[in-house]
*Asks:* 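One structure coming up, written as structure tokens, with questions to follow.
To find a chain, count down the sequence lines: A is the first, B the second, and so on, and within it residues start at 1. Reckoned from all heavy atoms, side chains included, excluding hydrogens, waters and symmetry mates.
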2 protein chains.
Amino acid sequence: MAMAESDGERVDIGVLDGLVGYHLRRAMGAFSVDYARAVAGTPMRQGLFGVMSVIAANPGISQGIVGKALGIQRANMVALITELGELGLVDREPSATDRRAFNLTLTDKGMTMLKDTLARIRDHEERMLAALSPAARQSLTATLRAIAAVEE
Amino acid sequence: MAMAESDGERVDIGVLDGLVGYHLRRAMGAFSVDYARAVAGTPMRQGLFGVMSVIAANPGISQGIVGKALGIQRANMVALITELGELGLVDREPSATDRRAFNLTLTDKGMTMLKDTLARIRDHEERMLAALSPAARQSLTATLRAIAAVEE
DNA sequence: TATTGTTATACTCTATAACTATA
DNA sequence: TATAGTTATAGAGTATAACAATA
């Protein structure tokens, strides 16, 4: 028990095996590796895709609100939005009501990129979750949502 | 539906909400924040604790095997082992059978640190998983293990 | 005073390539 | 020739502090 693959052997990882946080970390790692493979050749990192998804669902949204929705610090949003602008995926127009803020929208190119990337991600998720029944997937999502909500 | 907290409002995050990878990311983020709080004032980052757990379970193990067990690259193990050595938590002795390798063991201080940190981590996990039944926690662990195992 | 976007900075985790000394 | 440990380096994510312009 409490083993991890290593060559052909298995190594006891000790108390770590009883910790949910460890398995969460490893699952995240596996997901990230396969995500990177899924979007290889495109500039769509996880953060960029997330931002685009929120903008698509809320045309004209400000970048501060996008950041809050995704748990991304204001300071870290800047480079993401700049990059999406340079890629021609997002338009940034001055807000008519608040001269400090910008209204973000996806360009046509951005909408196409979002759709294409989503298809790649759906394939990727199917690979990662192939062993899970639809019920198990829903249960997993609900559980992860409950965990993420623990942020007093 | 597909909302995320933001001030007092909720913002539609779009297609992102249907992706398990997104929720995995957010759950990991919440776990990491609370982990950091749990071990504040100690040097026990997640990686260091993991390495110590494997060494404790396998006294005399080499650092390459520890890395393989945890999915940590050889190159990235070096700084971890160096740091644990400087903290006086891990002993590194030359292997009698392979002059390239070192045998790793926890010092007494290391064993105490492992035990103390484990207590903090158990409290932290209890906080994060309070809403989940024992059955739900077991199911979560099994699911995460299955996902992490998808690494052809 | 508070907020939006910004710059600068730093820490952690992860990844690859190339070296050395051994095997 | 392959392996253990190492060095150097780079990308990505995340965190804080401080500033200018605006509210």
*Asks:* How would you list, by chain and number, every residue that makes a side-chain hydrogen bond (donor to acceptor under 3.5 Å, both in side chains) with Ser133(A), sequence neighbours excluded?
*Replies:*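 Here no residue qualifies.
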*Asks:* Under the side-chain contact (heavy atoms from CB on, under 4.5 Å) rule, collect the residues that match up with Val78(A), sequence neighbours excluded.
*Replies:*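 With neighbours one apart ignored, the set is Gln63(A), Thr82(A).
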*Asks:* In whole Å, what is the span from the CZ atom of Arg92(B) to the C1' atom of dA4(D)?
*Replies:*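 In whole Å, dA4(D) C1' and Arg92(B) CZ are 12 Å from each other.
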*Asks:* Pick base, sugar-phosphate or nothing for Ser62(A), based on heavy-atom distances below 4.0 Å to the nucleic acid.
*Replies:*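 Sugar-phosphate contact only.
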*Asks:* With sequence neighbours excluded, tell me which residues meet side-chain hydrogen bond (donor to acceptor under 3.5 Å, both in side chains) with Glu126(A).
*Replies:*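 Partners of Glu126(A) by the side-chain hydrogen bond (donor to acceptor under 3.5 Å, both in side chains) criterion, ordered by chain and then number, come out as Arg137(A).
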*Asks:* How long is the line joining CE of Met44(B) and P of dT12(C), in whole Å?
*Replies:*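 Checked: the CE to P distance equals 14 Å.
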*Asks:* Kindly write out the residues that satisfy side-chain contact (heavy atoms from CB on, under 4.5 Å) with Asn103(B), not counting sequence neighbours, or none if the list is empty.
*Replies:*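 If we apply the side-chain contact (heavy atoms from CB on, under 4.5 Å) test to Asn103(B), skipping adjacent residues, the hits are Ser95(B).
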*Asks:* Under 3.5 Å, is there a donor-acceptor pair between the side chain of Asp12(A) and the main chain of Asn58(B)?
*Replies:*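 Checking the backbone N and O of Asn58(B) against the side chain of Asp12(A), no donor-acceptor pair under 3.5 Å is found.
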*Asks:* List every contact pair, protein side and nucleotides 9-16 of chain D side both N or O, where the distance is under 3.5 Å.
*Replies:*
unit_1, atom_1, unit_2, atom_2, d
dG13(D), OP2, Arg45(A), NE, 3.2
dA15(D), N7, Asn76(A), ND2, 2.9
dA15(D), N6, Asn76(A), OD1, 2.6

*Asks:* Calculate the interatomic distance between Asp34(A) atom CG and dA15(C) atom P; express it in whole Å.
*Replies:*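 So the CG-P distance, Asp34(A) to dA15(C), works out to 13 Å.
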*Asks:* To the nearest angstrom, how far is Arg74(B) atom CZ from dC13(C) atom P?
*Replies:*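 Going from CZ in Arg74(B) over to P in dC13(C) covers 20 Å.
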*Asks:* Once ring pair (Phe, Tyr, Trp, His ring centres under 6.0 Å) is applied, what residue pairs with a partner in residues 62-118 of chain B remain, sequence neighbours excluded?
*Replies:*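 For residues 62-118 of chain B, and leaving out neighbouring residues, there are no ring pair (Phe, Tyr, Trp, His ring centres under 6.0 Å) pairs at all.
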*Asks:* Using atom OH of Tyr35(B) as one end and atom C1' of dT12(C) as the other, report the distance to the nearest whole Å.
*Replies:*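 Atom OH in Tyr35(B) sits about 13 Å away from atom C1' in dT12(C).
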*Asks:* Distances for protein N/O vs nucleotides 19-22 of chain D N/O pairs under 3.5 angstrom?
*Replies:*
unit_1, atom_1, unit_2, atom_2, d
dT22(D), O2, Arg100(A), NH1, 3.4

*Asks:* Just jot down the ring-ring contact (aromatic ring centres under 6.0 Å, His included) partners of Phe31(B), sequence neighbours excluded, or say none.
*Replies:*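 Expected list: His124(B).
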*Asks:* Name all residues meeting the side-chain hydrogen bond (donor to acceptor under 3.5 Å, both in side chains) criterion together with Glu83(A); count only those two or more places apart in sequence or in a different chain, and write none if there are none.
*Replies:*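 By the side-chain hydrogen bond (donor to acceptor under 3.5 Å, both in side chains) rule, Glu83(A) matches Arg45(A).
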*Asks:* How close do Ile72(B) and Asn76(B) get, counting heavy atoms only, and between which atoms?
*Replies:*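 That closest heavy-atom pairing would be CG2-CB, 3.9 Å.
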*Asks:* Tell me: CD1 of Ile81(B) to C1' of dT7(D), nearest whole Å?
*Replies:*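 Computing the Ile81(B):CD1 to dT7(D):C1' distance gives 16 Å.
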*Asks:* Heavy atom of residues 113-123 of chain A under 4.0 Å from DNA chain D: which residues?
*Replies:*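 When residues 113-123 of chain A is checked for heavy atoms under 4.0 Å from DNA chain D, there are no hits whatsoever.
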*Asks:* Got a sec, which pairs hit salt bridge (Lys or Arg N to Asp or Glu O under 4.0 Å) with one end in residues 96-123 of chain B, sequence neighbours left out?
*Replies:*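 Salt bridge (Lys or Arg N to Asp or Glu O under 4.0 Å) check on residues 96-123 of chain B returns Asp98(B)-Arg100(B).
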*Asks:* Apply side-chain hydrogen bond (donor to acceptor under 3.5 Å, both in side chains) to Ser139(A) and list each qualifying residue two or more places apart in sequence or on a separate chain.
*Replies:*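 side-chain hydrogen bond (donor to acceptor under 3.5 Å, both in side chains) list for Ser139(A), sorted by chain: empty.
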